[in-house]
Asks: 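I am attaching a structure below and will ask some questions about it afterwards.
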Amino acid sequence: FFAKEKRNNYLIPLLEIIAVSSAISILESIASYQIDKRIALGKNPERTTVTLLISAVVGVLSILVAVDGLGSNGVWVPFQSFGVVTINDCWLDLLDGISEGICMPLGEMIILLFVGWELGPDSLIDELTLNGKGSDFFNGYFKVLVKFICPIALVFILAGQITDFF
């Protein structure tokens, strides 16, 4: 499609730049976390080594996804030997199921529990409404949502995702 259209020749290089910059930003956050962790433990940060190791892990997983060909090449995928093929027909489905199906709801639930019970919703309301100058109805409704309704809903979402996964 793009080879035939002369007017869309700018699109492919733009998509490649976007893909590379996204990959760099993902690797940057993981590497930064690991480097900060090493510094907190009193170790030498070894930025180059950490970055290369993380890049190698991501590269291996990327190669697995590419070689698998969305399940058409018969590459072994974890949990398929148990007869579980709902979310892991191929490596891409498996990695997507773990990140989107389990890690995201679990992370959201942890954030909500932290904001609702440890940090307190009032600090977030102050941030959202210019020092708490919102309606009392909104503030009360927001507190109930953050403390009770959303965490319970996320438990059900996480349970459904885990049930589908296994």
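Hydrogens, waters and symmetry mates are skipped; everything else that's a heavy atom, side chains included, is used. These numbers come from a predicted model, not from an experiment.
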Asks: Please enumerate all residues that pass salt bridge (Lys or Arg N to Asp or Glu O under 4.0 Å) together with Asp122, with sequence neighbours excluded.
Replies: Lys143
Asks: May I ask whether Tyr141 and Ile149 are part of the same hydrophobic cluster, defined by side-chain heavy atoms of I, L, V, M, F, W, Y residues being less than 4.5 angstrom apart, directly or through others?
Replies: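 Tyr141 clusters together with Ile149.
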Asks: Starting at CG of Leu106, measure out to CD1 of Ile157 and round the result to the nearest 0.5 Å.
Replies: 12.5 Å
Asks: Using the test ring pair (Phe, Tyr, Trp, His ring centres under 6.0 Å), find all partners of Tyr33 that sit at least two apart in sequence or belong to another chain.
Replies: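 Scan of Tyr33 (ring pair (Phe, Tyr, Trp, His ring centres under 6.0 Å), adjacent residues dropped) gives none.
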Asks: Do the side chains of Leu95 and Leu27 join up, straight or via other hydrophobic residues, at under 4.5 Å, putting them in one cluster?
Replies: no
Asks: Nearest 0.5 Å please: distance from the CD1 atom of Ile152 over to the CG atom of Leu112.
Replies: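 Output value for this atom pair is 11.5 Å.
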Asks: State, to 0.1 Å, how close Ile102 and Leu158 come at their nearest heavy-atom pair, and which atoms those are.
Replies: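 Result for this residue pair: O-CD1, 3.7 Å.
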Asks: Determine the minimum heavy-atom distance between Pro121 and Gly116, stating which atoms define it.
Replies: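 The answer is CD-O, 3.5 Å.
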Asks: How would you list, by chain and number, every residue that makes a salt bridge (Lys or Arg N to Asp or Glu O under 4.0 Å) with Lys37, sequence neighbours excluded?
Replies: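 Partners of Lys37 by the salt bridge (Lys or Arg N to Asp or Glu O under 4.0 Å) criterion come out as none, since no residue qualifies.
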Asks: Identify the two heavy atoms, one from Pro45 and one from Ile39, that lie closest to each other, and give their separation to 0.1 Å.
Replies: CG-CG1, 3.9 Å
Asks: Can you list every ring-ring contact (aromatic ring centres under 6.0 Å, His included) pair that touches residues 95-126, not counting sequence neighbours?
Replies: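 Sorted result for residues 95-126: Trp117-Phe148.
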Asks: Which distance, rounded to the nearest 0.5 Å, do you find between the OG of Ser29 and the CD of Gln34?
Replies: 10.5 Å
Asks: Honestly curious: do Ile26 and Leu92 fall in one hydrophobic cluster under the side-chain, below-4.5 Å linking rule?
Replies: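 No; Leu92 is not reachable from Ile26 via cluster members.
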Asks: Are any non-hydrogen side-chain atoms of Met104 and Ser99 less than 4.5 angstrom apart?
Replies: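 Not touching, per the 4.5 Å side-chain cut-off.
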Asks: Identify every side-chain donor-acceptor pair in residues 49-71 under 3.5 Å, counting partners at least two apart or on other chains, and give the distances.
Replies:
| residue | atom | partner | partner atom | Å |
| --- | --- | --- | --- | --- |
| Thr51 | OG1 | Arg47 | O | 2.7 |
| Ser55 | OG | Thr51 | O | 2.8 |
| Ser62 | OG | Val58 | O | 2.8 |
| Asp68 | OD2 | Trp91 | N | 2.7 |

Asks: Starting at OG of Ser21, measure out to CD of Glu16 and round the result to the nearest 0.5 Å.
Replies: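 It is 12.0 Å, given to the nearest 0.5 Å.
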Asks: Where the side chain of Arg38 meets the backbone of Lys43, is there a donor-acceptor pair that is under 3.5 Å apart?
Replies: no
Asks: Output the distance between atom CG (Asp93) and atom CD (Glu100), rounded to the nearest 0.5 Å.
Replies: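 Here the interatomic distance stands at 10.5 Å.
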Asks: How many angstroms lie between SG in Cys150 and CG in Leu113, if you round to the nearest 0.5 Å?
Replies: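 Cys150 atom SG to Leu113 atom CG measures 11.0 Å (nearest 0.5 Å).
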Asks: Enumerate the salt bridge (charged side-chain N to carboxylate O under 4.0 Å, His left out) contacts for residues 150-159, please, sequence neighbours excluded, ordered by first and then second residue.
Replies: none
